[in-house]
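Here is the structure we will look at, set down as structure tokens.
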There are 2 protein chains.
Amino acid sequence: MDEPREIPDLEPGASIEAVRALRESLDREERASLEASVETLFDLLGRAHALSVLAVFAFADRPLRFGDIEATLGVAPNTLSTRLSELTDCGLLERRAYDESPPRVEYTPTPKAVALFPVIGHCYRWAADYAP
Amino acid sequence: MDEPREIPDLEPGASIEAVRALRESLDREERASLEASVETLFDLLGRAHALSVLAVFAFADRPLRFGDIEATLGVAPNTLSTRLSELTDCGLLERRAYDESPPRVEYTPTPKAVALFPVIGHCYRWAADYAP
DNA sequence: CCGCATCCTACCGGATACTG
DNA sequence: CAGTATCCGGTAGGATGCGG
């Protein structure tokens, strides 16, 4: 009774029809659980610069340091610190600190984050098509 | 010299590699324009309940009224009012007011919004796979 | 030096009451 | 019914400080 309807793999660009069918195939409890998970995700992404931070990682080909992201996005350090902590706590980023001088901290996207990158990609395509 | 590299059509689930290649094919000016458009989109989506509102429309099969969304999401009316105005101003929703009593206002997603629905769909799939 | 914590200010979002 | 007015708590932004 665990997850008989578990989605086998993550297909990028899931059409709404497919997801709508998925939602309707779930019973009340499973569906509430799914909605809650999505709500958590939306709450996370629905904060200042969260999507932008993800985008920076999506286009980077190496681990990123605090200063890298700060310079790229130009956000206040405390805000960036909060976002990075949240993303790390949710298992989207992995934080590795090296005990050096000067100190070095590197952030790496986890597979969980990589699985979200198509969202970023789609937003870029959308912007290229529908921008003013 | 207008848009020789215009993306022909919106493919759902654009891989980051493809978008990365696109970004690198653009010259400085075009790329800055794209980044600005994406930034605008991220700023819009990065507000409270914006993604949730989009999701409600993505799964609805008819125009929605203010009270529908309010009841579904349980958000404060002033916040919802602001979000709906922003989405309407950005051309994602079309607002139609009927001069009746009691008054009736319907919101319909535009093609521009429909083109964003795969983002919602992907988030649902992601949540089903990676949720706690 | 770099990554963050603190302090303070401004604005945004939540709850409730109220109007056309 | 579809919002607006009002009040208030929380969160983001900017500058600065400090610990490693």
Side-chain angles (χ1 to χ4, degrees), chain A residues 35-36 38-57 60 62-90 92-109, chain B residues 36 38-57 60 62-90 92-110:
Chain A
E35 298 286 358
V38 172
E39 200 53 43
T40 302
L41 175 64
F42 283 176
D43 183 61
L44 184 71
L45 299 182
R47 299 180 178 215
H49 308 293
L51 285 165
S52 298
V53 169
L54 261 188
V56 173
F57 279 101
R62 55 177 173 87
L64 293 178
R65 305 176 58 171
F66 189 94
D68 293 334
I69 313 167
E70 188 180 18
T72 304
L73 298 179
V75 300
N78 49 7
T79 305
L80 179 58
S81 180
T82 305
R83 275 313 83 78
L84 289 176
S85 298
E86 291 166 357
L87 292 171
T88 303
D89 290 346
C90 283
L92 290 178
L93 295 180
E94 190 187 329
R95 187 196 129 110
R96 222 170 312 175
Y98 299 88
D99 214 11
E100 302 174 358
S101 180
R104 184 162 58 105
V105 179
E106 287 186 347
Y107 293 90
T108 314
Chain B
V38 172
E39 200 52 43
T40 301
L41 175 64
F42 283 176
D43 183 60
L44 184 72
L45 300 182
R47 301 184 177 215
H49 308 293
L51 285 166
S52 298
V53 169
L54 261 188
V56 174
F57 279 101
R62 55 176 173 87
L64 294 178
R65 304 176 59 168
F66 189 95
D68 294 332
I69 314 169
E70 190 180 17
T72 305
L73 298 181
V75 300
N78 51 2
T79 304
L80 179 58
S81 178
T82 306
R83 277 311 86 77
L84 288 177
S85 298
E86 291 166 355
L87 292 171
T88 303
D89 290 345
C90 283
L92 290 178
L93 295 180
E94 190 186 329
R95 188 195 128 109
R96 223 170 310 176
Y98 299 87
D99 214 12
E100 302 173 357
S101 180
R104 183 163 59 104
V105 179
E106 288 184 346
Y107 293 90
T108 314
T110 66

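Chain letters run A, B, ... following the sequence lines, proteins first, then strands; residues in each count from 1.
Sequence neighbours left out, the pairs with a member in residues 63-77 of chain B that pass side chain to side chain donor-acceptor pair (under 3.5 Å) are R62(B)-D68(B).
Taking 4.5 Å as the limit, some side-chain heavy atom of L84(B) sits within range of a side-chain heavy atom of I69(B).
Between the CG atom in L54(A) and the CG atom in L44(A) there is a gap of 8.0 Å [rounded to 0.5 Å]. The distance from the OG1 atom of T88(A) to the CZ atom of R83(A) is 12.0 Å, given to the nearest 0.5 Å. Between S85(A) atom OG and L80(A) atom CG the span is 9.0 Å, to the nearest 0.5 Å. With rounding to the nearest 0.5 angstrom, the CG atom of L92(A) is 8.0 Å from the CG atom of L45(A).
Between L87(B) atom CG and dG3(D) atom C1' the separation is 16 Å, expressed in whole Å. Atom CG of L84(B) and atom P of dG13(C) are 13 Å apart (whole Å). Whole-Å rounding puts the E86(A) CD to dT11(D) P distance at 9 Å. Between the P atom of dG14(C) and the CZ atom of R47(B) lies a distance of 13 Å, rounded to the nearest Å. Between the CG atom of L44(A) and the C1' atom of dT11(D) there is a distance of 15 Å, rounded to whole Å. Between L64(A) atom CG and dG3(C) atom P the separation is 11 Å, expressed in whole Å. One can place CG of L80(B) at 15 Å from C1' of dC12(C), the figure rounded to the nearest angstrom. One can place NE2 of H49(A) at 16 Å from P of dT11(D), the figure rounded to the nearest angstrom.
Of the possible polar contacts, none joining the S81(B) side chain to the P77(B) backbone as a donor-acceptor pair under 3.5 Å is found.
Note on S81(A): a side-chain N or O is less than 4.0 Å away from OP1 or OP2 of dA5(C). Between R83(A) and dA12(D) there is a side-chain N or O to OP1 or OP2 distance below 4.0 Å. Residue R95(B) places no side-chain N or O under 4.0 Å from the OP1 or OP2 atom of dA2(D). OP1 or OP2 of dG3(C) sits under 4.0 Å from a side-chain N or O of R65(A). When the side-chain nitrogen and oxygen atoms of Y107(B) are compared with OP1 and OP2 of dG3(D), one or more of them lie within a distance under 4.0 Å.
Listed nucleotides: dG13(C), dA12(D), dG20(D). Nearest to the side chain of P103(A): dG20(D).
Of the residues near DNA chain C, S85(A) and P102(A), the one whose nearest nucleotide (by heavy atom distance) lies more toward the 5' end is P102(A).
Listed in residue order, the members of residues 66-79 of chain B having a heavy atom less than 4.0 Å from DNA chain C are A76(B), P77(B), N78(B), T79(B).
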